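To start, the structure under review is shown below, and the notes come after it.
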Amino acid sequence: MPENTQDSVITQYPDGMPLTRTDEDETLLDVARRFLLGQTEIVRLNPDVDRWLVKKGEIVRLSNKRILPDSPHNGITLNISEYRMYYYPPTKKGEVPKQVMSYAHGVGRQDWKTPLGKTKIIRKIMNPSWHPPESIRREHAANGDPLPVVVAPGPNNPLGTRALHLALPGEYRIHGTDVDKIHGIGMQITHGCVRMYPKDVEELYDMVAVGTPVYIVKQPIKVGWLDNVLYVEAHPDLEGEETTLEQRFAVALGLIEKAGNIARDGIYGASQSGTEMPDFDQKALNRALTGQAGEPIAIYERLPPLEDADAGVQAEEAPQAAPKPARQPSPAGYYRGD
């Protein structure tokens with residue numbers, strides 16, 4: 001978790017933009033599985049890379065920064081818009097979480113939507129058997145792939161090796177996957193359940209307890225701070241949904257107002273130093289909302305806290321202080337005040 005408890009952007013690799021170079025010809029899905037990323041996630045980050053043929057020596061971008069969903073920082077949050085969950089390990093009463101664990105997952109198709117809202121884990125089963133509902137058996141039979149009444153545990157069981165049952169009608173679970181569906185992680189592909197990589201679900205299974213709260217949200221646009229820089233992160237609509245660019249802008253502006261106390265009319269506010277806050281980088285915001293690459297993009301940098309500014313002034317007045325450097329543009333393209 002960020003050092004500042006008010007910040008909500010997490011970073012997996014501290015050295016900036018993480019890259020990997022493939023050792024042999026493979027698919028982008030193979031790279032995603034190796035780094036436990038979802039298929040949609042890695043494809044959006046590498047629009048110029050052939051999904052089905054990544055040549056030996058080719059460079060592939062990996063996810064790094066993420067904005068935490070706007071949800072309680074306890075238990076599990078499933079943000080189905082980004083095909084990703086966030087687990088906050090338990091803390092002592094009154095303490096804030098110091099760690100968050102994030103996993104890729106698949107969600108329900110358009111005709112089998114994963115339900116939204118708060119629920120909890122009510123049962124944990126290792127090596128579960130699957131009793132496919134009659135509706136699913138009819139669907140498979142119509143496609144020439146009949147299912148038995150019970151699918152025993154094993155490599156071809158779509159529940160994988162672990163299942164966490166949710167307090168929702170209809171047998172919704174967080175579970176693993178079988179060998180045939182492993183590349184469906186990070187896609188809208190299930191009958192409503194949440195599907196994870198085998199390694200991830202086994203790790204999660206060992207950490208969470210029965211009764212752990214689960215928040216299922218749909219937040220395609222997220223906004224958050226990290227080290228005085230405001231970021232926006234946008235994801236495409238789920239299958240069967242369609243929002244206009246104007247609608248996405250409206251959502252983003254509301255979140256920016258909430259995150260930075262920026263007035264909607266002129267998009268101005270007061271910085272910590274009491275001076276007027278400049279406009280955020282609207283080109284960067286437009287790039288995030290149109291590209292919808294799922295990575296945080298910096299749109300504004302605010303002045304540091306007043307005590308930091310005072311420390312800078314004292315340093316300048318010191319006899320051996322270095323000359324004041326020229327102004328540098330912030331990540332959002334604006335100059336910080338002198």
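Remember, it's a predicted structure, so these values are computed and weren't measured experimentally.
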- Query: Quick one: are K222 and L255 in side-chain contact, heavy atoms under 4.5 Å?
  - Reply: no
Short side-chain to backbone donor-acceptor contact, N228 and E301, under 3.5 Å: no
### Task
Please answer whether the main-chain N or O of R84 pairs with a side-chain N or O of H105 as donor and acceptor at a distance below 3.5 Å.
yes
### Query
Do the side chains of E58 and R21 get nearer than 4.5 Å, heavy atoms only?
no
Open item on the list: Assess whether a salt bridge exists between K218 and E241, defined as any Lys/Arg side-chain N lying under 4.0 Å from an Asp/Glu carboxylate O.
Closed with: yes
Q: Using the rule that two of Ile, Leu, Val, Met, Phe, Trp, Tyr join whenever any of their side-chain heavy atoms come within less than 4.5 Å, decide whether L36 and I185 are in one cluster.
A: yes
What about L166 and M207, same hydrophobic cluster or not, with Ile/Leu/Val/Met/Phe/Trp/Tyr joined at side-chain heavy-atom distances under 4.5 Å?
-> yes
Smallest heavy-atom separation, E242 atom then D237 atom, equals CA-OD2, 3.3 Å
message: Using side-chain heavy atoms (C-beta onward) and a distance below 4.5 Å, is F249 in contact with I221?
response: no
* Any chain of hydrophobic side-chain contacts (each under 4.5 Å) joining L45 to V43? -> no
Sequence neighbours excluded, the answer for side-chain hydrogen bond (donor to acceptor under 3.5 Å, both in side chains) partners of N157 is none
The reported gap from CH2 in W52 to CG in D30 (rounded to nearest 0.5 angstrom) is 9.5 Å
Kindly check if the number of other-residue, nucleotide or ligand heavy atoms within 6.0 Å of CG (D23) is above 12? no
| query | Is there a chain of hydrophobic side chains (I, L, V, M, F, W, Y, each step under 4.5 Å between heavy atoms) that links V210 to V214? | reply | no
**Asked** Under a 4.5 Å side-chain heavy-atom rule over Ile, Leu, Val, Met, Phe, Trp and Tyr, are M101 and M196 clustered together?
**Response** yes
Note to self: Tell me if a side-chain donor or acceptor on R248 pairs with a main-chain N or O of L289 at a distance below 3.5 Å.
What the structure shows: yes
Interatomic distance, CG@L204 vs NZ@K124, rounded to 0.5 Å, equals 8.5 Å
Within a 6.0 Å radius of atom CD on E95, are there more than 12 heavy atoms belonging to other residues, nucleotides or ligands?
yes
Self-check item: Stepwise side-chain contact (heavy atoms from CB on, under 4.5 Å) test for I125 and R173
Solution: CA-CA 10 Å; I125 300 180; R173 314 169 184 88; over 6 Å; no
Examine distances only and state if a side-chain atom of Q219 and a backbone atom of P69 form a donor-acceptor pair shorter than 3.5 Å.
-> no
Examine distances only and state if a side-chain atom of T20 and a backbone atom of V60 form a donor-acceptor pair shorter than 3.5 Å. no
Q) Are E82 and R66 close enough for a salt bridge, meaning some N to O gap below 4.0 Å? A) no
Members sharing Y86's hydrophobic cluster, built from side-chain contacts under 4.5 Å between Ile, Leu, Val, Met, Phe, Trp and Tyr, are M1, I10, L68, Y88, V100
Original post:
So, S63 side chain and E295 main chain: donor-acceptor pair closer than 3.5 Å or not?
Top reply: no
Problem - side-chain contact (heavy atoms from CB on, under 4.5 Å) assessment of I121 paired with I76 - result: CA-CA 10 Å; I121 294 173; I76 297 172; 4.0 Å; yes
>> Check this for me: K120, atom NZ, are more than 12 non-hydrogen atoms of other residues, nucleotides or ligands nearer than 6.0 Å?
In response: no
Between P18 and N64 the two heavy atoms that sit nearest each other are CD-CB, 3.4 Å
Derivation of the side-chain contact (heavy atoms from CB on, under 4.5 Å) call for E202 and T161:
CA-CA 8 Å; E202 290 169 7; T161 63; 2.9 Å; yes
Original post:
Can you check whether M85's main-chain N or O pairs, donor with acceptor, with S102's side chain at less than 3.5 Å?
Top reply: yes
**Prompt:** Is the side chain of N46 donor-acceptor paired with the backbone N or O of V49 at a distance under 3.5 Å, no angle test?
**Reply:** no
Residues A259 and W225: closest non-hydrogen pair is O-NE1, 2.8 Å
**Prompt:** Below 4.5 Å, heavy atoms only, C-beta onward: do S129 and P153 meet side chain to side chain?
**Reply:** yes
d(H73 NE2, Y215 OH) to nearest 0.5 Å is 11.0 Å
Side chains of L62 and V31: does their closest heavy-atom pair fall under 4.5 Å? yes
To the nearest 0.5 Å, atom CG of L245 lies from atom OG1 of T243 at 8.5 Å
As a quick check of understanding, evaluate side-chain contact (heavy atoms from CB on, under 4.5 Å) for Y83 and E41, giving each step before the final call. CA-CA 8 Å; Y83 308 106; E41 180 177 23; over 6 Å; no
Nearest heavy-atom approach of S71 to T77 is OG-OG1, 2.7 Å
Is I216 close to V194 at the side-chain level, that is, under 4.5 Å between some pair of heavy atoms?
no
What one should report as the nearest heavy-atom pair of P296 and I67 is CG-CG1, 4.0 Å
Do V223 and L230 touch side chain to side chain, with heavy atoms closer than 4.5 Å? yes
Note: P128 and G160 closest approach over all heavy atoms is CD-O, 3.6 Å
Original post:
Do K118 and P213 have side-chain heavy atoms sitting under 4.5 Å apart?
Top reply: yes
Give a yes or no on whether the backbone of T177 and the side-chain of Y197 come within a donor-acceptor separation of less than 3.5 Å.
no
Heavy atoms from other residues, nucleotides or ligands near CZ of R33 exceed 12 (cutoff 6.0 Å): no
(message) With a 3.5 Å distance limit and no angle check, can you tell me whether D7 reaches the backbone of V9 through a side-chain donor-acceptor pair?
(response) no
Output for pair (I174 CD1, Y103 OH), nearest 0.5 Å, gives 11.5 Å
CD1 (I80) and NE2 (H235) are apart, to the nearest 0.5 Å, by 12.5 Å
